[in-house]
Amino acid sequence: MSLMSEDAGLRLMHVHAHPDDESSKGAASTAMYVAQGVDVHVVTCTGGERGSVLNPNMDRPEVLENITEIRRAEMEAAREILGVTQDWLGFVDSGWPEGDPKPPLPEGCFGLVDVEVGAEPLVRLIRSFKPHVMTTYDENGGYPHPDHIMCHKISMEAFEAAADPTRYPDAGEPWQVLKLYYQHGFNRPKAVALHEAALELGIESVFGERLKEWKPDPAWDARVTTKVPCAEYFPVRDRALIAHATQIDPDGFFFQIPMDLQQRVWPTEDFELVKSFVESSLPEDDLFAGIR
Ligand SMILES: [Zn+2]
């Protein structure tokens with residue numbers, strides 16, 4: 001049986017906070033699953049309206065003035081490259097609060113919505129797309145952006161509620177997602193492995209400074225249950241990332257790591273299985289283990 005026929009009918013939903021998160025987290029495994037015939041749907045909670053321009057080549061007044069439209073167009077390009085479908089939940093970016101003490105979040109932003117209000121459109125999308133597997137961020141948001149933390153909260157609420165006919169009765173027929181994962185793409189063991197491999201080859205490591213402040217946390221690292229081999233698709237991930245031109249500097253740190261080194265030293269994307277209604281033995285190498 002070919003992969004196509006085996007995997008036809010499998011559906012995967014990724015819930016992300018901003019346009020570009022779908023390309024920086026789990027994008028190579030996304031491209032791999034799409035190539036296998038899996039339907040992958042990305043849900044983007046906010047429009048990224050308060051993101052800064054992080055690519056010096058794009059840091060121009062006319063870009064800032066039209067940032068919402070530009071980020072939409074960037075998302076469209078990334079969507080094409082990854083081969084996914086996508087919906088916007090329509091919430092407004094909270095921005096990254098800067099200062100000490102941090103200023104209050106702007107009125108009406110995603111970080112301030114009631115969890116039930118935020119979850120309602122997501123429940124609706126789960127019930128219509130009917131994913132077998134869903135991914136989101138851990139309880140700390142993967143990194144503590146208020147939109148990432150809210151993305152976690154509404155995902156947990158929607159995962160539970162979508163299957164419950166008494167909850168959100170106007171948002172479609174109940175659907176039980178079979179597995180829920182957290183993204184663990186930026187883990188310390190991976191940074192250490194890439195750092196050490198770079199030094200061995202006499203290449204300057206981009207991780208040196210970061211690792212000085214990044215304390216080992218074996219209990220956290222042990223939460224990874226699932227390592228999906230997808231190195232062949234790292235170049236697709238990079239193309240999708242570069243499509244988010246306002247957010248990604250193509251000369252930036254991420255692209256300094258030689259591709260063959262990444263593919264050899266850390267050929268997986270990593271996830272934590274947090275809820276499951278099927279049997280699979282851990283560790284896994286496939287988000288659909290126990291479902292196929
Ligand atoms: Zn984000």
Side-chain angles (χ1 to χ4, degrees), residues 13-30 40-55 58-59 63-64 67-79 81-82 84 86-98 102-103 105-106 108-113 115 118-119 121-122 125 134-156 158 181-187 190-191 210 214 237-250 252-255 269-272:
M13 177 181 275
H14 292 305
V15 189
H16 285 295
H18 306 109
D20 79 353
D21 287 320
E22 83 296 329
S23 298
S24 62
K25 299 161 188 66
S29 48
T30 291
V40 184
H41 193 71
V42 169
V43 177
T44 312
C45 298
T46 77
E49 298 86 353
R50 288 196 174 90
S52 331
V53 173
L54 301 173
N55 177 357
M58 294 292 285
D59 199 357
V63 171
L64 273 174
I67 191 75
T68 304
E69 294 73 22
I70 290 172
R71 293 201 72 176
R72 279 192 169 251
E74 291 173 348
M75 184 67 223
E76 265 171 48
R79 197 158 71 193
I81 292 164
L82 293 173
V84 300
Q86 184 240 359
D87 270 300
W88 303 91
L89 282 197
F91 294 102
V92 178
D93 193 336
S94 306
W96 175 253
E98 277 181 287
K102 286 180 177 174
L105 294 180
C109 73
F110 182 51
L112 294 176
V113 300
V115 171
L122 182 56
L125 288 175
M134 186 172 147
T135 75
T136 186
Y137 309 143
D138 63 66
E139 64 278 14
N140 305 312
Y143 89 113
H145 191 294
D147 292 334
H148 284 236
I149 292 167
M150 185 55 74
C151 176
H152 162 79
K153 289 182 179 167
I154 69 162
S155 299
M156 302 313 284
Y181 289 93
Y182 294 158
Q183 303 261 4
H184 274 258
F186 298 122
N187 59 63
K190 174 179 170 179
R210 288 184 173 215
W214 198 351
R237 170 204 65 194
D238 284 4
R239 282 197 291 126
L241 264 173
I242 288 169
H244 291 283
T246 59
Q247 302 302 300
I248 303 289
D249 178 358
F253 119 98
F254 187 77
F255 299 99
E269 286 180 340
D270 307 331
F271 299 86
E272 174 185 359

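Ligands are counted one by one from 1 in listed order, and the atoms in each one are counted from 1 as well. Remember, predicted model here, so these are calculated numbers, not experimental data.
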Q: Kindly confirm whether the Zn ion (ligand 1) is within less than 2.8 Å of some N/O/S atom in Asp21?
A: yes

Q: Please determine if the Zn ion (ligand 1) has an N/O/S atom from His148 lying under 2.8 Å away.
A: yes

Q: State the atom name: nearest N, O or S atom of His18 to the Zn ion (ligand 1).
A: ND1

Q.
Using side-chain hydrogen bond (donor to acceptor under 3.5 Å, both in side chains), reason through Glu74 and Thr246 one step at a time and then give a plain yes or no.
A. CA-CA 8 Å; Glu74 291 173 348; Thr246 59; 3.1 Å; yes

(Q) Parallel, tilted or perpendicular, judged at 30° and 60°: which one describes the rings of His148 and His18? (A) tilted

Q) When rounded to the nearest 0.5 angstrom, what distance separates NE2 in His145 from CZ in Arg50? A) 10.0 Å

Q: State, to 0.1 Å, how close Gly95 and Pro146 come at their nearest heavy-atom pair, and which atoms those are.
A: O-CG, 3.8 Å

